[in-house]
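Encoded as structure tokens, the structure appears first; notes follow it.
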Amino acid sequence: MVKRTFGSDQTIIRYLLNELSAEDQARFEEAYLSDGSLFDQVRALEEELIEEYVKGGLSGGERRRFERHYLASDQRRARIEAARELVRVCSPQSSTQTATNDRIESKLFSIRSRLGSLVKPRPAPVFGIAAALLLLVAGGLVIDLLRLRGRLAAVSDERAAVERRAEESERRLVHEREQLAEERKQSVGLREKLESLNSQLARIERARAESRSSNNQIVFLEMTPGVRSIDKPDRATISDLTSFVELRVELESQGAANPRSYRAVVKTVDGGREIWTREGIKPLRRKSAQYVVVRIPADRFKAAGAQDFTLTLDALNSGGKDYEELESYYFQVTALRH
Amino acid sequence: MKILDLSEESFSRLLARLNADPMLAGEEYEKLRARLIYFFERKGCRIPTELSDETINRIARKVEEGLEIEDVFKFSYGVARLVLLEHWRDPKREWDQLDQRLSSPKSNQEFYEHRLECMEKCLQALQPEERDLIVKNCVLDKEGKEELARSLGLTINALRIRAFRIRTKLHECREKCVSGS
């Protein structure tokens with residue numbers, strides 16, 4: 001039963017959204033047909049409901065029920081369209097404005113409306129109209145001026161903030177540039193120091209190598225069978241202080257019972273000039289290996305004016321008179337110049 | 001369903017039954033008609049005006065026949081329901097509805113702009129106070145409307161009804177503007 005609550009918004013909305021039972025609906029319709037104030041309420045609330053729908057103010061369920069009923073007929077759709085147009089005309093900016101803005105706008109609209117109505121000729125004293133008009137125009141101008149001032153202040157604040165940010169960025173940039181220049185300077189200094197250290201190191205290395213060779217009065221050169229090669233010759237470095245170059249040749253196994261006598265001949269590769277020779281060399285034995293060791297004066301190599309040499313090793317034959325060539329070794333001797 | 005004609009005499013009796021004062025009787029008649037139109041509209045009828053007139057004609061006949069009617073408005077509901085039932089059973093009704101649908105205006109952009117212009121024009125044509133009320137009522141939320149009602153010394157219902165009446169005037173103006181009359 002809805003009899004006692006016919007006039008409540010809730011009942012009216014339920015009727016409008018077809019939520020009442022058939023019986024309550026009949027009672028309600030009979031009531032509004034005979035009760036003018038209820039009828040007006042229904043119509044007024046219906047208009048509001050349509051407007052709320054247009055403004056998107058209905059809940060999901062309400063919207064669905066509303067659409068089921070109101071979109072079902074052309075006439076009702078036309079009413080929705082009319083409400084939509086009214087909402088659009090009343091709030092042309094947007095429906096998302098805040099209520100406060102809406103109130104302000106509507107107040108301004110009211111002022112403008114009143115101003116518009118005053119423009120129309122009326123049977124009132126001309127001066128009175130003019131005074132009122134001037135007052136309203138002045139009022140409107142003051143409002144506009146205040147708005148513009150507010151906007152100007154906002155823009156000025158924004159500009160000041162932008163300038164502050166720009167100054168800060170500029171300062172930061174200058175500081176970073178200075179830091180970069182300082183780092184570059186340091187980098188150059190460090191590079192120079194590194195180069196200096198590298199050259200010092202190179203000098204030390206060279207001096208060490210020189211001292212290693214020069215300090216040794218005897219330079220040793222070991223020649224092992226099977227490793228003789230023109231591409232990678234055995235090499236010795238001699239200095240002014242070097243007295244001898246000792247060449248050690250490992251012999252292939254000859255048998256311990258019959259040690260032989262050997263001859264060593266050193267020649268330049270270029271021209272085959274003999275710079276040193278010795279005969280009757282007895283091999284040395286060390287563990288199971290036998291060696292021929294010859295000590296050649298360094299001066300011979302220096303005097304030869306060459307770097308490439310050969311050592312020819314001959315063995316005395318069984319008759320004890322002639323030598324037979326056993327092997328030749330290629331080696332290099334480099335003399336350091338100070 | 002055949003729409004019955006009503007004689008001038010029957011109509012005069014009905015008016016007298018509505019109110020002894022001919023001026024007020026006319027107003028009562030308009031109220032009755034408006035409510036019946038609304039009722040038929042709510043029921044989804046596409047010819048609510050015709051059905052409303054038919055209902056009033058039948059009530060007038062009953063008055064002419066000498067039926068004692070305590071409350072014409074209340075009595076009208078029963079008659080309206082019968083008219084509605086007959087209308088729903090009427091095969092011609094579908095054709096009426098189809099005709100209505102075919103004759104309904106096409107909603108294109110140009111027409112929409114025209115309707116907006118009409119709405120704007122009619123809004124401007126309202127009295128400033130009326131326009132102010134309509135605009136405020138349109139943009140304010142529920143709390144805003146309550147505040148507005150208080151500031152005007154009205155109840156929310158009274159404000160709503162006042163806004164409704166102005167809107168009715170506005171929509172009538174708009175309808176005339178849109179149809180070009």
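Reckoned from all heavy atoms, side chains included, excluding hydrogens, waters and symmetry mates. Letters go in sequence order (proteins before strands), and every chain restarts at 1.
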Can you tell which part of B:Lys31 gets under 4.5 Å to a heavy atom of chain A, answering side chain, backbone, both or neither?
neither
Output the option from A:Glu81, A:Glu52, A:Glu46 having the highest count of non-hydrogen pairs under 4.5 Å with chain B.
A:Glu46
Taking atom types as modelled, is there a side-chain donor on B:Thr49 or B:Ser52 under 3.5 Å from an acceptor on the other?
no
With a 6.0 Å cut-off on the ring centroids, do A:Tyr32 and B:Phe39 count as close?
no
Taking atom types as modelled, is there a side-chain donor on B:Tyr77 or A:Glu29 under 3.5 Å from an acceptor on the other?
yes
Can you tell me which portion of B:Arg42 sits under 4.5 Å from chain A's heavy atoms? Options are side chain, backbone, both or neither.
both
Cut-off 4.5 Å, heavy atoms of chain A, and the answer for B:Arg174 is side chain
Cys pair B:Cys122, B:Cys173: SG separation below 2.5 Å
yes
Does one side chain, of A:Arg79 or B:His171, offer a donor that lies under 3.5 Å from an acceptor on the other?
no
Chain B interface, residue from A:Arg76, A:Arg43, A:His69 that has the most non-hydrogen pairs under 4.5 Å
A:Arg43
Contact part of B:Leu36 toward chain A, heavy-atom cut-off under 4.5 Å: side chain, backbone, both or neither?
both
Between B:Lys43 and chain A, with a heavy-atom cut-off of 4.5 Å, which part of the residue counts as in contact: side chain, backbone, both or neither?
both
Is it true that a side-chain atom of B:Arg35 and a backbone atom of A:Phe39 form a donor plus acceptor pair closer than 3.5 Å?
no
Whether B:Glu130 side chain and B:Gln127 backbone form a donor-acceptor pair below 3.5 Å:
yes
Can you say whether A:Glu51 sits under 4.5 Å from chain B via the side chain, the backbone, both, or neither, judging by heavy atoms?
side chain
Under 4.5 Å from any heavy atom of chain B - which part of A:Arg84:
neither
